[in-house]
Amino acid sequence: MTDLTSLTIAEAREKLKAKEFTAVELTDAYLSAVNAANEKLNTYVAVTPEKAREMAKASDEKLASGNAGVLEGIPLGVKDLFATRGIHTQACSHVLDGFKPEYESTVTQNLWDAGAVMLGKLNMDEFAMGSSNESSYYGPVINPWRANGSDKNLVPGGSSGGSAAAVAAHLCAGATATDTGGSIRQPAAFTGTVGIKPTYGRCSRWGIAAYASSLDQAGPIARDVRDAAILLKSMASVDAKDTTSVDLPVPDYEKAIGQSLKGLKIGIPKEYRVEGMPEEIEKLWAQGIAWLKDAGAEIVDISLPHTKYALPAYYIVAPAEASSNLARYDGVRYGLRVDGKDIADMYEKSRAAGFGSEVKRRIMVGTYVLSAGYYDAYYLKAQKVRTLIKRDFETVFHDGVDAVLAPITPSSAFEIGDKELAADPVKMYLQDVFTITVNMAGLPAMSVPAGLDGKGLPLGLQLIGKPFDEETLFKTVYAIEQAAGKFTPAKWW
Ligand code: GLN
């Protein structure tokens with residue numbers, strides 16, 4: 001029998017229906033793969049075998065009786081940021097020690113309602129703050145990819161590093177992730193997987209630990225474009241519990257796959273050609289443009305003049321919102337508590353012991369930019385810049401551009417503990433230079449593997465779309481996937 005974990009969701013779905021194997025067999029195949037790999041890759045922070053087998057058994061019954069859901073029996077991993085009832089939910093932070101919520105996030109509930117099986121919770125940067133998955137309380141995730149001839153451990157990107165690495169290493173069929181400033185797209189690019197950050201409001205944020213509420217959005221990381229379409233269809237919904245979720249019908253994204261690109265206008269923003277960008281990224285971008293042209297799209301040069309202000313504005317808005325959102329972790333009702341001489345002392349001690357250094361940095365920056373006297377100079381100004389960034393996109397879309405093609409990352413995956421990046425947080429923040437504008441503007445964007453660099457490591461391209469036009473993204477990046485092929489790491493773990 002072929003290795004069941006090598007099947008895509010679309011393939012497994014057909015074979016489960018054809019009774020070539022059972023959901024329990026598929027789940028067991030994943031559980032043994034996770035068991036064998038987790039010590040080396042550190043992708044899961046909690047594995048839930050009993051729950052997985054129980055869900056798979058129920059799926060087998062549904063498959064037998066002919067009322068299977070669209071994801072019936074498909075084993076998935078869940079980023080630790082999503083609340084899962086009765087199961088480890090700690091945003092990979094020490095401050096949430098032992099937290100097992102009484103409720104389920106809307107996105108994961110939607111997936112279980114569609115028949116998916118939960119394998120466990122995936123590692124991530126603490127509270128989704130980071131670009132390398134090195135800020136997790138549970139230690140870094142190891143990228144399943146290694147440079148040619150090297151045994152050095154590389155980062156999988158962040159903050160959804162566990163999700164991306166688990167999908168790439170076939171430790172789940174697909175995974176949930178979130179993207180506040182690039183956390184779906186950048187790890188997808190570093191691991192040769194596909195990720196989509198949908199339009200703000202497409203998925204409910206209810207039950208997802210908040211980082212920066214006006215930017216956070218959930219989406220899938222998958223092995224290929226079709227699987228990402230299948231997952232997003234089930235994850236997306238309007239939800240009375242999140243008033244920013246939008247009441248628009250969720251299209252069948254899979255239908256967009258394979259559609260012609262004729263008549264599509266793709267914009268190439270000149271501002272994304274940043275100084276010092278490696279030639280390999282330039283070449284990849286040019287290749288992507290050529291592929292889309294071959295597929296029938298029209299290519300036009302565009303300008304998004306406020307792009308260079310996105311990064312500094314993001315690193316004001318995101319920490320500001322985080323400083324407020326994270327005020328609730330005080331040791332009173334859940335998570336870690338360190339006793340003190342009085343309640344204020346208990347708060348301080350619990351927060352000091354519970355948060356890691358990157359989270360503390362963000363809380364301090366956020367508190368500073370919101371404080372009296374600085375609010376206008378920083379926060380208010382950043383919000384104005386945000387409007388200008390959004391307007392840049394509105395102008396090009398108004399002028400007839402259907403989507404924008406750009407790089408995702410300034411390089412391929414870097415080494416764990418990279419000294420330059422560790423010494424200077426701003427250098428790490430620069431990792432997000434291509435991904436952040438999209439979150440500031442609330443737009444959908446998709447990351448697709450487009451090739452390998454000289455070291456044999458995956459590189460991705462991103463396509464940015466109009467609000468709620470995820471379908472154009474799926475059909476366009478599918479053409480890139482068709483031309484570039486798919487990328488799987490050689491197994492060493
Ligand atoms: N790297 C960015 C940050 O640390 C983005 C993280 C994210 O999208 N969650 O804020």
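Order of appearance sets the numbers: ligands from 1, and atoms from 1 within every ligand.
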Any chance the side chains of Ser135 and Asp125 put a donor and an acceptor closer than 3.5 Å?
-> yes

How far is atom 5 (C) of ligand 1 from its nearest protein heavy atom, and which residue and atom is that?
-> Tyr314 OH, 3.4 Å

Using heavy atoms and a threshold below 4.0 Å, how should the contact between Asp432 and ligand 1 be classified: side chain, backbone, both, or neither?
-> side chain

With under 30° as parallel and over 60° as perpendicular, where do the rings of Tyr368 and Tyr378 fit, or are they tilted in between?
-> tilted

Tyr429 contact mode with ligand 1 (heavy-atom cut-off under 4.0 Å) | neither

For ligand 1, is Ala318 a contact, meaning one of its heavy atoms is under 4.0 Å away?
-> no

Can any side-chain N or O of Asn143 pair as donor or acceptor with the backbone N or O of Leu154 at less than 3.5 Å?
-> no

Could you walk me through whether Tyr329 and Phe99 pass ring-ring contact (aromatic ring centres under 6.0 Å, His included), step by step?
-> CA-CA 11 Å; Tyr329 305 106; Phe99 181 54; 8.5 Å; no

Counting only heavy atoms, which portion of Tyr315 has something under 4.0 Å from ligand 1: side chain, backbone, both, or neither?
-> side chain

Looking at ligand 1, does Arg362 have a heavy atom less than 4.0 Å from it?
-> yes

Which atoms of ligand 1 have any heavy atom of Tyr211 under 4.0 Å away?
-> 3 (C), 9 (N), 10 (O)

Under-4.0 Å heavy-atom contact with ligand 1, by part of Ser159 that carries it | side chain

Report the nearest protein non-hydrogen atom to atom 6 (C) of ligand 1: residue, atom name, distance rounded to 0.1 Å.
-> Ser183 OG, 2.9 Å

If you measure only the distance, is there a donor-acceptor pair under 3.5 Å linking the side chains of Thr89 and Thr84?
-> yes

Glu126 (side chain) donor-acceptor with Gly356 (main chain) under 3.5 angstrom | yes

